[in-house]
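Single-structure report; data block below.
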Number of protein chains: 2
Amino acid sequence: MGSTDSTDLTARARIRDAAVVCFGEHGFKVTVRTIAEKAGVSPGLVIHHFGSKAGLRKACDDHVFAIIHEAKMESVTSPDPMRSFRHLSHLEEFAPLMAYIIRSLQEGGPLGLALHERMVRDVEEYLAAGEGAGNIRPSRDPRKRARFLANMISGSLLMALAERPGEERVDFSRFLQEWTEEYMLPALELYCEGLFTDRKMLDAYLMYVSDPPEESR
Amino acid sequence: MGSTDSTDLTARARIRDAAVVCFGEHGFKVTVRTIAEKAGVSPGLVIHHFGSKAGLRKACDDHVFAIIHEAKMESVTSPDPMRSFRHLSHLEEFAPLMAYIIRSLQEGGPLGLALHERMVRDVEEYLAAGEGAGNIRPSRDPRKRARFLANMISGSLLMALAERPGEERVDFSRFLQEWTEEYMLPALELYCEGLFTDRKMLDAYLMYVSDPPEESR
DNA sequence: CATCCGACTGAACGCCTGTTTAATCTATTG
DNA sequence: CAATAGATTAAACAGGCGTTCAGTCGGATG
């Protein structure tokens, strides 16, 4: 993918690819006319092939999902650290796809939610395996922990997107690169060394939930 | 605030308050007509008082910022755990404001970014103080760590919002309550106990950044 | 009282949007 | 070759939107 920008693709595919890029760069508010122009066709043809703007987006969802499913993102959450880093450095190829997914997530769209749910499950499996192997600490609620960690990852992507100036076109290659540079060190510090030097806060909370004070209404 | 729903407020204030609620519940795509109806006035009056929809939003931004500034949210990041929890349980009063802020953040709006930046600074100060007191572990890059942790909090709010079904009206009281219930335990576990049982991943990354392999292009 | 000014409204305007329609072009097929 | 079906387009359509406008009301002011 990404190798053929020109007209050697069927128009339907060209429109779909242009739509993925436009949706990813500008969000789903982007105009059918803009997408059509990017694909070098008329607005009417877009509707002719996809029925409606919603149909076009559904086609994009399916297309992106198929690619991601095929290329399996599990390597991102791979237990082998070096493999993860190596993979991240080549992630630029997936940038337009990632942009589309993040935008879908930002809006609460079905594709973003589906992929996020899969990530939650992957993280849970990974943690369970690591716990069995003795690399991961046990949790009082492994399912909640998995969702929590996955939400941290997806959420930080949404934040990184929010930090970009509003209407500007977003370069997601650089975006993802900066994201890893920004978050990798503190994340690993936190995962390996924790944050607090004692368990005071945790114990206070455990007491709080097992015996909630009356003052809370 | 929130005590006077009726007509004992000036129309301008009533429109502004209705706008804050509508923007928070439905997002900024909400119609001027909808806001006007909620405030019990005509659409024209909204423009008459605020010049434009953008002007109305600016007024909402300023108003929310003023309230938050006055009520100082520092207690949320207070070093005293019990005070935080007690505060959170009464947070419902701030629900409409939080909704507006989260929506602003989701869209990359100026208010959300400004408040987030303040949160970053607060977290950094809090961590530095805790580090001095011996409660917080030192970091190789305290500034990055502060931003990272703040982004986790804001980002998880954005994720929780994304997980709601799309067009539905969002009840932010329940939303915030479920958010704390969902994330508090795994967060404290992670902060107090860490995630990995050893430092393999961190050391591998430190080696990687100090001596990047050629294969990464 | 006359006047003036801001609050306020209902209706209209103009723009942008997704979509439809009618017509043209292209290529396959019998 | 004739014919049919699909690809494609320019233009128009219809709806929703932010905004404008002309006019009414009510209270303050001189």
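Bear in mind that the values here come from a model prediction, so they are computed numbers and not experimental data. In what follows, chains are A, B, ... by sequence order, proteins preceding strands, each numbered from 1. Both backbone and side-chain heavy atoms feed into the values below; hydrogens, waters and symmetry mates do not.
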Please state how far atom [atom1] in [X] lies from atom [atom2] in [N], giving the value in whole angstrom units.
| X | N | atom1 | atom2 | result |
| --- | --- | --- | --- | --- |
| B/Phe28 | D/dG18 | CZ | P | 14 Å |
| B/Ile47 | D/dC21 | CD1 | P | 13 Å |
| A/Lys29 | C/dC16 | NZ | P | 15 Å |
| B/Leu45 | D/dG26 | CG | C1' | 15 Å |
| A/Phe50 | D/dA7 | CZ | P | 12 Å |
| A/Ile15 | D/dT9 | CD1 | C1' | 12 Å |
| A/Arg14 | D/dT8 | CZ | C1' | 11 Å |
| A/Leu56 | C/dG18 | CG | P | 10 Å |

So does [X] get a side-chain nitrogen or oxygen closer than 4.0 Å to the phosphate oxygens (OP1/OP2) of [N]?
| X | N | value |
| --- | --- | --- |
| A/Ser52 | C/dG18 | no |
| A/His48 | D/dA7 | yes |
| A/Thr31 | C/dT17 | yes |

N/O donor-acceptor pair, side chain B/Arg33 with base D/dG16, under 3.5 angstrom: no
Test item: B/Arg103 side-chain N/O and B/Glu25 main-chain N/O as donor-acceptor pair under 3.5 Å: yes
Counting side-chain heavy atoms from C-beta on, which of [options] comes nearest to [X]?
| X | options | result |
| --- | --- | --- |
| B/Val32 | C/dA7, D/dA10, D/dG18 | D/dG18 |
| A/His49 | C/dT9, D/dA10, D/dA7 | D/dA7 |
| A/Lys53 | D/dT9, C/dT19, C/dT9 | C/dT19 |

Sugar-phosphate only, base, or nothing, as touched by A/Val41 at under 4.0 Å among non-hydrogen atoms: sugar-phosphate
Sugar-phosphate only, base, or nothing, as touched by A/Val30 at under 4.0 Å among non-hydrogen atoms: sugar-phosphate
Non-hydrogen side-chain atoms of [X] and [Y] separated by less than 4.5 Å:
| X | Y | result |
| --- | --- | --- |
| A/Glu189 | A/Leu185 | yes |
| B/His69 | B/Arg118 | yes |
| A/Lys38 | A/Ile35 | no |

Nearest-nucleotide 5' precedence on DNA chain D, B/Gly44 against A/Gly40: A/Gly40
Parallel, tilted or perpendicular, as decided by the 30° and 60° cut-offs, for the rings of A/Phe23 and A/Phe28: tilted
